[in-house]
Number of protein chains: 2
Amino acid sequence: MSESNSVSPSNPERSTAYSPLYQQIKVLLLKSLDQGEWKPGEAIPSELDLAARFQVSQGTVRKAIDELAADNLLIRRQGKGTFVSTHNEAKVRYRFLRLTPDDGHQPTTSSEIIGFSRLKAPAAIAGLLALRTVDTVINIQRVLSFDDKPTILDNIWLPANVFKGLSSEAVNQNREPLYAWFEGEYGVSMLRADESVRAVAADAEAARRLHVSQGTPLLQVERVAYTYGERPMEVRQGLYITDHFHYRNSLN
Amino acid sequence: MSESNSVSPSNPERSTAYSPLYQQIKVLLLKSLDQGEWKPGEAIPSELDLAARFQVSQGTVRKAIDELAADNLLIRRQGKGTFVSTHNEAKVRYRFLRLTPDDGHQPTTSSEIIGFSRLKAPAAIAGLLALRTVDTVINIQRVLSFDDKPTILDNIWLPANVFKGLSSEAVNQNREPLYAWFEGEYGVSMLRADESVRAVAADAEAARRLHVSQGTPLLQVERVAYTYGERPMEVRQGLYITDHFHYRNSLN
DNA sequence: TAGTGGTCTAGACCACTAA
DNA sequence: TAGTGGTCTAGACCACTAC
């Protein structure tokens with residue numbers, strides 16, 4: 001583990017690229033996070049330790065950490081330290097799920113796996129996952145129920161070369177939220193996602209799985225989730241019943 | 001214009017409330033913004049001027065401004081100054097509209113007002129706007145077309161006591177985006193909004209207005225928009241056609 | 001050239017946590 | 001009490017804009 005992470009404060013030959021010190025520190029921190037030097041849920045070194053390691057002032061490290069914390073990659077806890085984000089804490093499980101009950105109450109959730117297969121990536125999926133159509137993907141289908149009522153039909157696509165050894169049995173035995181499971185079992189941290197939302201009519205399959213009539217309006221949510229380096233790691237299409245739930249969003 | 005905006009760095013009697021200096025500065029800046037001391041699009045005083053005015057260091061003012069800029073209330077422009085946000089710039093018009101063409105191209109937009117009335121606030125609207133049911137609200141209905149194809153049916157509710165003098169003629173003559181118009185004409189800045197999204201079936205009215213068959217799945221977007229101090233200033237229900245457009249969202 | 005925001009430092013002190 | 005992140009200061013210098 002070489003520790004020669006020094007940085008030159010002012011680079012005299014700035015051909016085209018000038019980047020402030022704290023941005024360079026941020027890149028170094030991201031590299032360590034991506035490489036797993038500190039795992040989800042663990043503390044990273046203190047600001048003073050990092051300042052010594054990178055040969056900069058505490059304030060500069062602070063600004064780098066501030067930005068990573070603003071992006072939810074790190075979590076600061078006064079008096080305790082700075083920790084790597086995780087999907088595995090009660091408070092932030094289902095962090096990416098925007099579907100919310102119309103009344104405030106917290107529903108019980110359960111998941112049933114209804115499909116699992118490996119196949120060559122369909123063109124559309126390959127494009128979104130930055131794969132070729134000769135690469136293998138894993139397809140998982142499941143139904144999420146809230147208070148025992150089927151509410152979400154998910155169709156999930158993962159790159160097989162990353163999720164090595166993921167099997168039908170494994171996914172059936174897993175009881176954690178998927179993203180928490182991915183962190184612990186496959187070392188994949190989902191950091192960010194883009195969603196496209198539409199209204200569609202339930203087809204025969206969706207109607208059967210969600211116990212609604214064919215043609216019922218459903219919310220279709222297409223998600224691409226990314227890990228470090230903006231690398232896409234999951235494509236997911238969800239069909240949501242929205243008669244007693246809504247997709248919430250905040251604009252600013 | 002009294003200028004006695006001083007602040008005591010450390011309050012010895014912190015009964016329960018401790019708030020850092022930069023937070024107190026932030027509150028003072030918000031008050032000035034709310035009171036219109038600096039209008040949308042205008043520059044606020046320089047950091048050094050504000051530091052002198054509030055008797056704190058530049059760094060403390062900076063941190064207060066940083067947070068306001070992160071909330072999109074202010075915009076920093078290096079070398080020029082810090083400016084009050086506005087919906088009236090080409091770059092950020094339709095800042096709150098998440099509906100996006102599936103292909104990337106930028107459609108032409110047009111708006112047709114199809115309804116205007118004043119009435120006592122219905123209970124549901126009164127609740128969302130923090131009004132009583134004896135208060136008057138303004139209701140505007142319109143159709144937004146993209147590339148001359150009707151795509152959004154909007155039903156908008158405004159508190160009449162704030163939007164004084166808003167008339168059917170005025171709203172018909174206005175050519176700006178609504179929120180830009182509200183800023184200039186009524187001094188109301190829309191800073192933030194919450195949205196609830198659902199899939200619904202087009203009723204007879206929506207079908208007629210949007211040129212689709214009754215029962216067509218539509219995206220229903222319910223929005224509450226807020227100005228300074230989290231005061232709700234608009235309730236809006238939009239029905240979106242999403243066959244060639246989608247509601248985009250980023251999660252992190 | 002002057003004025004603005006942006007970066008970086010060094011040091012002091014405060015608030016919070018845990019032993 | 002020691003260690004962490006959080007606040008605040010004063011000052012130097014850099015990058016960008018406009019005149």
Side-chain angles (χ1 to χ4, degrees), chain A residues 5-29 38 41-70 72-85, chain B residues 5-29 38 41-70 72-85:
Chain A
N5 282 322
S6 180
V7 163
S8 56
S10 70
N11 185 347
E13 41 175 337
R14 55 178 62 80
S15 51
T16 46
Y18 159 73
S19 139
L21 249 184
Y22 75 89
Q23 289 285 5
Q24 303 176 38
I25 304 300
K26 194 177 161 185
V27 168
L28 293 175
L29 291 174
W38 315 299
E42 293 179 3
I44 69 171
S46 77
E47 295 178 351
L48 283 173
D49 285 352
L50 290 169
R53 163 165 166 181
F54 296 131
Q55 304 272 14
V56 299
S57 77
Q58 184 192 11
T60 300
V61 170
R62 252 191 98 67
K63 180 136 187 176
I65 293 179
D66 277 344
E67 293 207 349
L68 295 172
N72 287 318
L73 302 202
L74 296 175
I75 299 176
R76 319 191 73 139
R77 297 206 184 103
Q78 191 175 8
K80 300 176 76 172
T82 300
F83 297 78
V84 182
S85 287
Chain B
N5 283 324
S6 181
V7 163
S8 55
S10 70
N11 187 344
E13 41 174 338
R14 50 178 66 81
S15 51
T16 49
Y18 158 73
S19 139
L21 249 185
Y22 76 88
Q23 289 284 6
Q24 303 176 38
I25 305 299
K26 194 176 163 187
V27 168
L28 294 175
L29 291 174
W38 316 299
E42 292 179 4
I44 70 171
S46 77
E47 296 178 350
L48 284 172
D49 286 353
L50 290 169
R53 166 165 163 181
F54 296 131
Q55 304 271 19
V56 300
S57 77
Q58 184 193 10
T60 300
V61 170
R62 254 192 97 66
K63 180 136 188 176
I65 292 178
D66 276 346
E67 293 208 347
L68 295 172
N72 287 319
L73 303 201
L74 297 175
I75 299 176
R76 320 191 74 137
R77 298 206 184 102
Q78 191 176 7
K80 300 175 76 172
T82 299
F83 298 79
V84 183
S85 287

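Hydrogens, waters and symmetry mates play no part in the numbers below; they use all other heavy atoms, side chains included. Chain A is the first sequence line, chain B the second, and so forth, proteins listed ahead of strands; every chain is numbered from 1.
A/Q24 contributes a side-chain N or O that, together with a main-chain N or O of A/S19, makes up a donor-acceptor pair within less than 3.5 Å.
Rounded to a whole Å, the CZ atom of A/R77 is 12 Å from the C1' atom of C/dT17. For A/Q24 and D/dC14, the CD to P distance is 16 Å, given to the nearest whole Å. Rounded to whole Å, atom C1' of D/dG5 lies 13 Å from atom CG of A/D49. In this structure, A/I75 atom CD1 and D/dG5 atom P are separated by 14 Å, rounded to whole Å. Atom CD of A/Q78 and atom P of D/dT7 are 7 Å apart (whole Å). Between B/I25 atom CD1 and D/dG6 atom P there is a gap of 20 Å when expressed in whole angstrom units. Atom C1' of nucleotide D/dC14 and atom OH of A/Y18 are separated by 6 Å, given to the nearest angstrom. To the nearest angstrom, C1' of C/dC16 lies 14 Å from CZ of A/R76.
Here the nucleotide nearest the side chain of B/T60, chosen from D/dG5, D/dC8, C/dG6, is D/dC8. Of the candidates D/dT7, C/dT17, D/dA18, D/dA18 carries the atom nearest the B/K80 side chain, counting heavy atoms from C-beta on. Considering only the side chain of A/S57, C/dC8 comes nearest among D/dC8, C/dG6, C/dC8. Each of C/dT7, D/dG5, D/dT9 was ranked by its minimum atom distance to the side chain of B/V56; first place goes to D/dT9.
No side-chain heavy atom of B/L73 sits less than 4.5 Å from a side-chain heavy atom of B/E67. Taking 4.5 Å as the limit, some side-chain heavy atom of B/I44 sits within range of a side-chain heavy atom of B/I65. Contact check for A/L68 versus A/T82: no side-chain heavy atoms found under the 4.5 Å cut-off.
Of the two residues near DNA chain C, A/Q58 and A/Q23, the one whose nearest nucleotide lies more 5' is A/Q23. Nearest-nucleotide positions on DNA chain C place A/S19 closer to the 5' end than the other of A/G79 and A/S19.
Residue B/L74 comes nearest to B/S85 through the heavy atom pair N-OG, 3.6 Å, listed as atom of the first residue, atom of the second, then distance.
A distance of 5.0 Å separates CH2 of B/W38 from CG of B/L29, quoted to the nearest 0.5 Å. Put simply, CD on A/Q23 and CD1 on A/I25 are 10.5 Å apart, with the number rounded to the nearest 0.5 Å.
Scanning DNA chain C for stems, defined as runs of 3 or more consecutive Watson-Crick or G-U wobble pairs whose donor-acceptor distances all fall under 3.5 Å, gives the following ranges: C:1-18 with D:1-18.
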